[in-house]
Peer 1: 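Have a look at this one.
Naming: A, B, ... by sequence-line order, numbering from 1 per chain. If you're wondering where the values come from, they're calculated on a predicted model, not measured in any experiment.
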Number of protein chains: 2
Amino acid sequence: MTGPVVEDYVKVIYAHTEWQAEPITSTALAARLGLAASSVTEMVKKLSTQGLVSHEPYGAIELTRDGTALALRMVRRHRLIETWLVQHFAYSWDEVHDEAEILEHALSDRLLDAIDDELGRPARDPHGDPIPSRDGSIVRPDAVLLADAPAGGRVVRISDRNPALLRELESRGVVLDAIVRPGDLGAEALASIWVATA
Amino acid sequence: MTGPVVEDYVKVIYAHTEWQAEPITSTALAARLGLAASSVTEMVKKLSTQGLVSHEPYGAIELTRDGTALALRMVRRHRLIETWLVQHFAYSWDEVHDEAEILEHALSDRLLDAIDDELGRPARDPHGDPIPSRDGSIVRPDAVLLADAPAGGRVVRISDRNPALLRELESRGVVLDAIVRPGDLGAEALASIWVATA
DNA sequence: GCTAATATTTCGGTGTGCCGAAATTCGCGG
DNA sequence: CCGCGAATTTCGGCACACCGAAATATTAGC
């Protein structure tokens, strides 16, 4: 009943609050989806009717329990697929996103679970993002942006927004679990890398 | 530009002439796609405009060169995916179809080729259907329906139309390359199994 | 507290692919 | 070669997800 479009909306709404707090606005949602604001307003109204989202006119957009469950389902799919492409097919870090974006809507639960088993039920994806379990639970490592960690620390996550930056970082040895200090890197990197707290 | 819908139309049109001769009618095409005849008439007109199909009103529907190329591309995808599901994920013979039907529209060429390599570039799928090569060439084994082969022979292909029959046949040892005689089997099986000629 | 800039929604409209009903054309039996 | 049933097309309409422009609500600056 829900279809790829609903899945994408819900996933983006979820993603916005995963590492930062504020709920997403309809303008930001439109920007991330590459759609006109008016389209988003209409669709959000439908999602609200379906009980996936709570939203009063001119207010913020937040996921309901059902919406969060669907979002976690999609996040699980996306991250498992990315992990699988990297580990099994030697995709590089920065190439997996587009393929995963499509496949996450297409694989059956059965195939996805088979892939999960084959990978040994990984807890995080190649970017360090936690992979929700089959029952929808997710454990997010305590972490802060490198920009906010003067002493640096162990890399726990690297945002996948900028593929060029990903390649650059990889070539300099900045990968998951590496130890970095803020002084070693540029401004954009500081805002893309999370390190473990304490 | 072509999208999953066009891909499905073209694939079904192609499939109809793969093992039998006559070009498909719009009624038969509608039946196979599960659509109303009027929908098919309209869509075929669009395919014709796009140069994928040749069709004058009230006439038969045939693929153009471009249409055949697209169909072979989809057939390759479908059959490679089926083969992969069976070999790599232990799907059974009769379970692969629906999953492949969806994935064939979703995998990138890159991923598909990686799977092809991993499988060792197989020449036929689990049903015995030949898999077109990357350049679109296809070699169909010489075969006749078991119903038309009084002496029987080596099984070269088993139609995937009826999953229950597939399971039944498998349990009785009727698989690819088995030797069968018409007397051993029922009417529907005789019309679903091809054996090598001479 | 008012107004100007900005965010959001409303509104009319589009393209795609589908439907059923009605009209048309085909092709077979006589 | 004529008519009748079956196949096919035409037609008006619908659902979905999108758009830009116009209207409206919010918010921030003063």
Side-chain angles (χ1 to χ4, degrees), chain A residues 1-14 16-17 20-64 67 70-71 74 101-102 104-106, chain B residues 1-14 16-17 20-63 66-67 70-71 74 101-102 104-106:
Chain A
M1 299 293 119
T2 59
V5 173
V6 171
E7 290 169 359
D8 280 338
Y9 273 81
V10 161
K11 198 186 52 168
V12 170
I13 296 167
Y14 175 86
H16 190 265
T17 47
Q20 276 149 17
E22 295 299 293
I24 197 169
T25 66
S26 74
T27 303
L29 183 49
R32 280 247 223 146
L33 289 166
L35 300 175
S38 56
S39 309
V40 169
T41 297
E42 284 176 350
M43 193 64 200
V44 165
K45 204 185 302 174
K46 289 176 195 163
L47 297 184
S48 176
T49 302
Q50 289 178 51
L52 295 171
V53 138
S54 72
H55 177 242
E56 3 252 280
Y58 299 98
I61 299 163
E62 280 172 293
L63 293 174
T64 61
L70 178 57
M74 297 315 295
E101 204 66 34
I102 294 172
E104 67 189 3
H105 305 294
Chain B
M1 298 291 119
T2 59
V5 173
V6 170
E7 289 169 358
D8 280 338
Y9 272 81
V10 161
K11 196 185 54 168
V12 169
I13 296 167
Y14 176 85
H16 190 265
T17 46
Q20 276 149 18
E22 294 301 293
I24 199 169
T25 66
S26 72
T27 304
L29 182 49
R32 280 248 223 146
L33 289 166
L35 300 176
S38 54
S39 309
V40 169
T41 297
E42 284 175 350
M43 193 64 200
V44 165
K45 204 184 301 173
K46 289 176 195 164
L47 297 183
S48 176
T49 302
Q50 289 178 50
L52 295 171
V53 139
S54 71
H55 176 242
E56 4 252 281
Y58 300 98
I61 299 163
E62 280 172 294
L63 293 174
D66 285 356
L70 178 57
M74 297 314 296
E101 202 66 34
I102 294 172
E104 67 190 3
H105 304 294

Peer 1: So does Thr27(A) get a side-chain nitrogen or oxygen closer than 4.0 Å to the phosphate oxygens (OP1/OP2) of dA7(C)?
Peer 2: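 Thr27(A) to dA7(C) OP1/OP2: no side-chain N or O under 4.0 Å.
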Peer 1: Rounded to whole angstroms, how far apart are NZ on Lys46(A) and P on dA15(D)?
Peer 2: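 Distance check: Lys46(A) NZ to dA15(D) P gives 11 Å.
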Peer 1: With respect to the side chain of Tyr9(A), which nucleotide from dT8(C), dC18(D), dC19(C) is positioned closest?
Peer 2: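 Of dT8(C), dC18(D), dC19(C), dC18(D) is nearest to the side chain of Tyr9(A).
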Peer 1: Whole angstroms only, please: what is the NE2-C1' distance between His105(B) and dG17(C)?
Peer 2: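 These atoms are roughly 15 Å apart.
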Peer 1: Just the rounded figure in Å: distance from C1' of dA17(D) to CD of Gln50(A).
Peer 2: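 In whole Å, dA17(D) C1' lies 13 Å from Gln50(A) CD.
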Peer 1: Report the residue (Met43(A) or Ala28(B)) whose heavy-atom-nearest nucleotide on DNA chain D is the more 5′ of the two.
Peer 2: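 Going by which nucleotide is closer to the 5' end, it is Ala28(B).
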Peer 1: Cut-off 3.5 Å, no hydrogens considered: what does the side-chain donor-acceptor table look like for residues 25-39 of chain A, sequence neighbours left out?
Peer 2:
unit_1	atom_1	unit_2	atom_2	d
Thr25(A)	OG1	Ala28(A)	N	3.1

Peer 1: Rounded to whole Å, how long is the line connecting atom CD of Glu56(A) with atom P of dT9(C)?
Peer 2: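 Computing the Glu56(A):CD to dT9(C):P distance gives 11 Å.
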Peer 1: Can you tell me which nucleotide in dC19(D), dC19(C), dT9(D) comes closest to the side chain of Leu35(A)?
Peer 2: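 Looking only at side-chain atoms, Leu35(A) lies closest to dC19(D).
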Peer 1: First locate atom CG of Asp66(B), then atom OG1 of Thr2(B), and finally report the distance between them rounded to the nearest 0.5 Å.
Peer 2: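 If I round to the nearest 0.5 Å, the distance is 11.5 Å.
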Peer 1: His55(B) or Thr2(A): which one's nearest nucleotide on DNA chain D is closer to the 5' end?
Peer 2: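 That would be His55(B).
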Peer 1: Tell me: CG of Asp8(A) to C1' of dC16(D), nearest whole Å?
Peer 2: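 Result: 15 Å.
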Peer 1: Enumerate, atom names and distances included, each donor-acceptor pair closer than 3.5 Å involving a side-chain atom of residues 5-13 of chain A, sequence neighbours excluded.
Peer 2:
unit_1	atom_1	unit_2	atom_2	d
Glu7(A)	OE1	His105(A)	ND1	2.6
Asp8(A)	OD1	His105(A)	NE2	3.0
Lys11(A)	NZ	Glu101(A)	OE2	2.5
Lys11(A)	NZ	Glu104(A)	OE1	3.4
Lys11(A)	NZ	Glu104(A)	OE2	2.5

Peer 1: Distances under 3.5 Å between protein N/O atoms and the N/O atoms of nucleotides 21-27 of chain D, please, pair by pair.
Peer 2:
unit_1	atom_1	unit_2	atom_2	d
dA25(D)	O4'	Tyr58(A)	OH	3.3

Peer 1: Would you confirm whether Thr17(B), through its side chain, and Pro23(B), through its main-chain N or O, come within 3.5 Å as a donor-acceptor pair?
Peer 2: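 Checking the backbone N and O of Pro23(B) against the side chain of Thr17(B), no donor-acceptor pair under 3.5 Å is found.
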Peer 1: Does the base of dC11(D) carry an N or O that pairs as donor and acceptor with the side chain of Glu42(B) under 3.5 Å?
Peer 2: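 Yes, the side chain and the base share a sub-3.5 Å donor-acceptor pair.
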Peer 1: Classify the nucleic acid contact of Thr41(A) as base, sugar-phosphate or nothing, counting any heavy atom under 4.0 Å across all strands shown.
Peer 2: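 Base contact - Thr41(A) has a heavy atom under 4.0 Å of at least one base atom.
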Peer 1: Under 4.0 Å, heavy atoms only, any strand: does Ser26(A) hit a base, just the sugar-phosphate, or nothing?
Peer 2: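 Sugar-phosphate only.
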Peer 1: Do His55(B) side-chain atoms and Lys45(B) backbone N/O form a donor-acceptor pair below 3.5 Å?
Peer 2: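 Not confirmed, His55(B) side chain does not pair with Lys45(B) backbone.
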Peer 1: Just so I know, are the side chains of Leu70(B) and Leu52(B) near enough to count as touching, which here means a heavy-atom distance under 4.5 Å?
Peer 2: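 Leu70(B) vs Leu52(B): side chains touch.
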Peer 1: Starting at NZ of Lys45(B) and ending at P of dT9(D), how long is that distance when rounded to a whole Å?
Peer 2: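 These atoms are roughly 8 Å apart.
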Peer 1: Nearest whole Å is fine: how far is dC16(D) P from Glu7(A) CD?
Peer 2: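 These atoms are roughly 16 Å apart.
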Peer 1: Round to the nearest Å and state the distance from Ile24(B) atom CD1 to dA7(D) atom C1'.
Peer 2: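 Result: 14 Å.
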Peer 1: How long is the straight-line distance from CD of Gln50(B) back to NZ of Lys46(B), given to the nearest 0.5 Å?
Peer 2: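 Lys46(B) NZ to Gln50(B) CD: 9.0 Å, rounded to 0.5 Å.
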